[in-house]
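Input: a single structure, listed below in structure tokens.
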Amino acid sequence: MAQDIYSSINPAQLEAVRHEGGPLMVVAGPGTGKTRVLTSRIAHMIKARRICPEQILAITFTNQAASEILKRVSKWLGLGSGQDTIGQHHRVIPTVATFHGWALSYLKSLPGIQTRAPIDQRDAKDIVREACRHYGIPTRKAKGYYQAISRAKQQFPPSMEGEGEEARAVFAYYQDYLARFRLWDFDDLILEALRMLHDGENAREFRMKSPFILVDEFQDVSPAQYQLTRSMAGTNSEITVIGDPNQAIYGFRMASPRFLKDFAIDFPDTRRIYLSTSYRCPQVFLDAASAVLEPEGEHLNASSGIKTKIQIMGFKDPAREARWIASTIEKLVGGMSFDSINDGTAQGTDFRSLSDLAVLFRARRLGKEIAKALGRRGIPFQEASRPDPLSGKDLRMLWRIYEILGNRAVEHHLARLPGDPATWKARIEKISREHKGANRSELLERLLDFSGIDIKDPAIQGILGKIAKAPEDWPLTLVFQREADLLMTRIEAVSLLSLHASKGLEFPIVFIAGCEDGIIPWHGSDLEEERRLFYVGITRASERLFMTYANKRMLFGKTVRAQRSRFIDGIPADKFETIKHRARARRKKSRQRSLF
DNA sequence: TACTCGAGTGTTTTT
DNA sequence: CACTCGAGTA
């Protein structure tokens, strides 16, 4: 078991795994084994250094990442599946949680604190809308104000600086509403945990209990999360941050690669380790990616010997672009590669699996055209957009009843159940009285009789089962969120993803569509961040990379002429080949074929 | 409660 | 152009 922790690990990775005694920063470019280092390091701490797992806290941004890390660590330690990260652990395992999940359990663990009930984004938006109505502001402005409020609350203390009178009024109403009904939104979880750790005594106690902290994807931390990290760890403690400043693409939600730099200043004895061997991307792609952004840190070296160039194609319009992508995909999955026919090494088995392929684009709507083209050819595809687990009307109702039963934000939820709040109140009181001593999921099941929800629906049954297993008073917002992540199935289909959604993923064959000025880089966006976004896209590919663009595109009802992305012009000419579509290619048959 | 219709709006996304 | 949202109607 234990030797797996170190097998086929490179010297830099090993150094990161074994570092002891002070702050550590691991700068890990695409495919350099970031997760490998993180999980090996945790396993090493426990197995070799005999650190008690309870003293280790690993923080991630998504539940999916958290469960992936926990799974790998548990396997190395022989701890079984380690699925259950919420609530009490039956075995001693390290805590792996999201910032928000950790913050909530920390707040709950503090003696004498009055916790509030977490609400999700939809309720938060509803409250903002209500604030607008209250002030006679047109509700169409609610979305913008909600975003402004959330941005404000990424900072500590929250700041509406630069916002107008109206926005401030809405903010005040919103905050007041949360206080009145004893609610926390997602941002509050971070802010409140931070507020608690400001108390010297709390901080000292926490640092003693959890002296080993690891934070993944550190380039994505918000100002508040950065401060939280600082409060959690003393400047000399053994805190590990892992990230890649070149992949910081969440500026619009106040994240910044700046914090990775600040870290080394705020923790002066930080040992920096750069992972510079990419086990994913061919050198050509790495070089091209570097060229678009003049990356920070060391130049990346490819371990792969693949020599394929990037293939760039222009089209008259997005429909042709989409059709070409679809037909190329069909060829790639449908049969033998033309390559192998051409160079005589035909094996006859060079099929690509659909899940080896991804099409990336800057904005969701740009994927529509491609989805249509794939659909017409009957090629299965999978779009990234996961439905919000609490989006269904029924599930929302169920959630509200559950929260009321748990005595959380009762008035807030009663007012939002369909029908008359007083009737619901009476109903809930009656049922609770009649079934004294019954557990919460039993009560919930009885109350669902009044809701018109079909209890026999397998989805509802599944949720009820989860509730029965979840810790007594855990708010469902987080339970649902986790379940939705864990239920993500990997089906045999082409992935259609936004560039943002592609971060952290890897595919042998990648298409980046809509590589046009105005799209990539997006008109009016921060150019440096757009560069990093393109960098992320390029570095998803492990074998083949296509970039396509259209010379005109319909956006907002207007057809605009478009030019090839200026980022492509920054790529050295020997890294790619441009292929002319159809009309030209037909005459140069062999040239076209060499594509495949 | 469920619909139609017109106005208005247009990245990226997690918890 | 397509979609969402909210007001208004059945």
Side-chain angles (χ1 to χ4, degrees), chain A residues 59-66 97-105 118-126 129 132-133 137-144 146-147 150-151 153-154 184-193 216-217 220-222 224-225 228 247-255 318-319 360-369 372 384-386 388-390 393 418-420 452 475-485 488 497-504 514 518-526 529-530 532-534 536-537 552-560:
Chain A
I59 303 238
T60 61
F61 276 83
T62 64
N63 288 310
Q64 213 188 359
T98 61
F99 264 114
H100 296 84
W102 170 80
L104 183 60
S105 55
I119 51 165
D120 69 349
Q121 200 176 47
R122 281 185 48 161
D123 270 15
K125 282 179 175 162
D126 267 5
R129 189 167 297 139
C132 287
R133 272 195 290 269
I137 299 165
T139 48
R140 79 191 122 84
K141 292 187 174 176
K143 201 178 160 197
Y146 168 77
Q147 283 167 354
S150 186
R151 271 200 307 276
K153 293 177 81 169
Q154 303 297 319
W184 275 331
D185 63 20
F186 282 121
D187 300 324
D188 283 324
L189 298 177
I190 308 294
L191 293 172
E192 290 304 321
D216 195 14
E217 305 278 22
D220 288 341
V221 294
S222 67
Q225 284 164 335
L228 182 59
Q247 294 185 67
I249 54 174
Y250 285 107
F252 64 90
R253 59 180 204 217
M254 305 239 74
L360 314 182
F361 31 80
R362 179 60 178 81
R364 227 156 245 300
R365 63 181 48 191
L366 300 178
K368 288 268 151 66
E369 193 74 44
K372 257 196 284 174
S385 57
R386 285 173 304 171
D388 174 351
L390 276 170
K393 203 166 52 105
D420 177 37
L476 276 194
T477 4
L478 293 156
V479 174
F480 278 11
Q481 226 73 259
R482 302 176 65 75
E483 291 310 321
D485 280 339
M488 274 246 287
L497 299 165
S498 69
L499 285 164
H500 283 89
S502 76
K503 190 164 76 104
I519 307 275
I520 306 173
W522 190 263
H523 179 77
S525 281
D526 172 39
E529 183 151 311
E530 295 294 306
R532 296 193 291 266
L533 193 52
F534 199 44
V536 166
K552 62 175 182 208
R553 191 172 293 271
M554 177 90 102
L555 268 182
F556 309 143
K558 269 195 237 110
T559 303
V560 284

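Keep in mind that what you see is a predicted model, and the values were worked out from it rather than measured.
- The nearest whole Å value for the distance from the CG atom in D220(A) to the P atom in dT13(B) is 13 Å.
- Distance N63(A) CG to dT13(B) C1': 14 Å, rounded to the nearest Å.
- Looking at the side chain of H100(A), the nearest of the listed nucleotides dT11(B), dT15(B), dT13(B) is dT15(B).
- Comparing the same atom, C1', in dC5(C) and in dT12(B) gives a spacing of 22 Å after rounding to whole Å.
- Taking atom CZ of R553(A) as the reference point, atom P of dA2(C) lies 14 Å away to the nearest angstrom.
- Between the side chain of S525(A) and the base of dT11(B) there is at least one donor-acceptor pair of N/O atoms closer than 3.5 Å.
- One cannot find a donor-acceptor pair under 3.5 Å joining the base of dT12(B) and the side-chain atoms of E529(A).
- In the set dT15(B), dG10(B), dT11(B), dT15(B) carries the atom at the smallest distance from any side-chain atom of T98(A).
- The nucleotide whose nearest atom lies closest to any side-chain atom of F556(A) is, among dT14(B), dG10(B), dT12(B), dG10(B).
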**OP:** Kindly indicate, with the supporting measurements, whether the criterion side chain to side chain donor-acceptor pair (under 3.5 Å) is fulfilled by Q147(A) and S150(A).
**Re:** CA-CA 5 Å; Q147(A) 283 167 354; S150(A) 186; over 6 Å; no

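- For the atom pair E530(A) CD and S525(A) OG, the distance stands at 4.5 Å (nearest 0.5 Å).
- Counting to the nearest Å, the P atom of dT12(B) and the CZ atom of R364(A) are 7 Å from each other.
- Under a 3.5 Å cut-off, the side chain of R362(A) and the backbone N or O of I520(A) do not form any donor-acceptor pair.
- Between dT13(B) and S498(A), a contact under 4.0 Å exists linking OP1 or OP2 to a side-chain N or O.
- The W522(A) side chain lies nearest to dT11(B) when the options are dT11(B), dT12(B), dT14(B).
- Salt bridge K503(A)/D220(A): present, at least one basic N to carboxylate O contact under 4.0 Å.
- Put simply, the side chain of S105(A) gets close to the backbone of W102(A): a donor and an acceptor are under 3.5 Å apart.
- Note: OH (Y250(A)) to P (dT12(B)) measures 11 Å, nearest angstrom.
- Checked by atom type and distance alone, the side chain of D188(A) pairs as donor or acceptor with a backbone atom of D185(A) at under 3.5 Å.
- Ranking dT12(B), dG10(B), dT15(B) by closeness to the R365(A) side chain, first place goes to dG10(B).
- For the pair F252(A) CZ and dT14(B) P, the computed distance is 9 Å after rounding to whole Å.
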**OP:** Report the C-alpha distance between H100(A) and F61(A) in whole Å, list the side-chain angles of each, state the deciding distance to 0.1 Å, and finish with yes or no for ring-ring contact (aromatic ring centres under 6.0 Å, His included).
**Re:** CA-CA 8 Å; H100(A) 296 84; F61(A) 276 83; 8.3 Å; no

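- Across all strands, F99(A) comes closer than 4.0 Å to no nucleic acid atom at all (heavy-atom distances).
- We find that CG of L189(A) is positioned 13 Å from C1' of dT14(B), with the value rounded to whole Å.
- Within the nucleic acid shown, F61(A) comes within 4.0 Å of sugar-phosphate atoms alone, with no base atom in reach, counting heavy atoms only.
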Tabulate atom names and distances for all N/O pairs under 3.5 angstrom spanning the protein and nucleotides 3-9 of chain C.
from, atom 1, to, atom 2, distance (Å)
dG6(C), OP1, R129(A), NE, 2.9
dG6(C), OP1, T139(A), OG1, 3.3

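- Ranking dT11(B), dT15(B), dC1(C) by closeness to the M554(A) side chain, first place goes to dC1(C).
- For D216(A) and dT15(B), the CG to P distance is 13 Å, given to the nearest whole Å.
- Proximity of a side-chain donor or acceptor of Q154(A) to a complementary backbone N or O of D187(A) within less than 3.5 Å is not detected.
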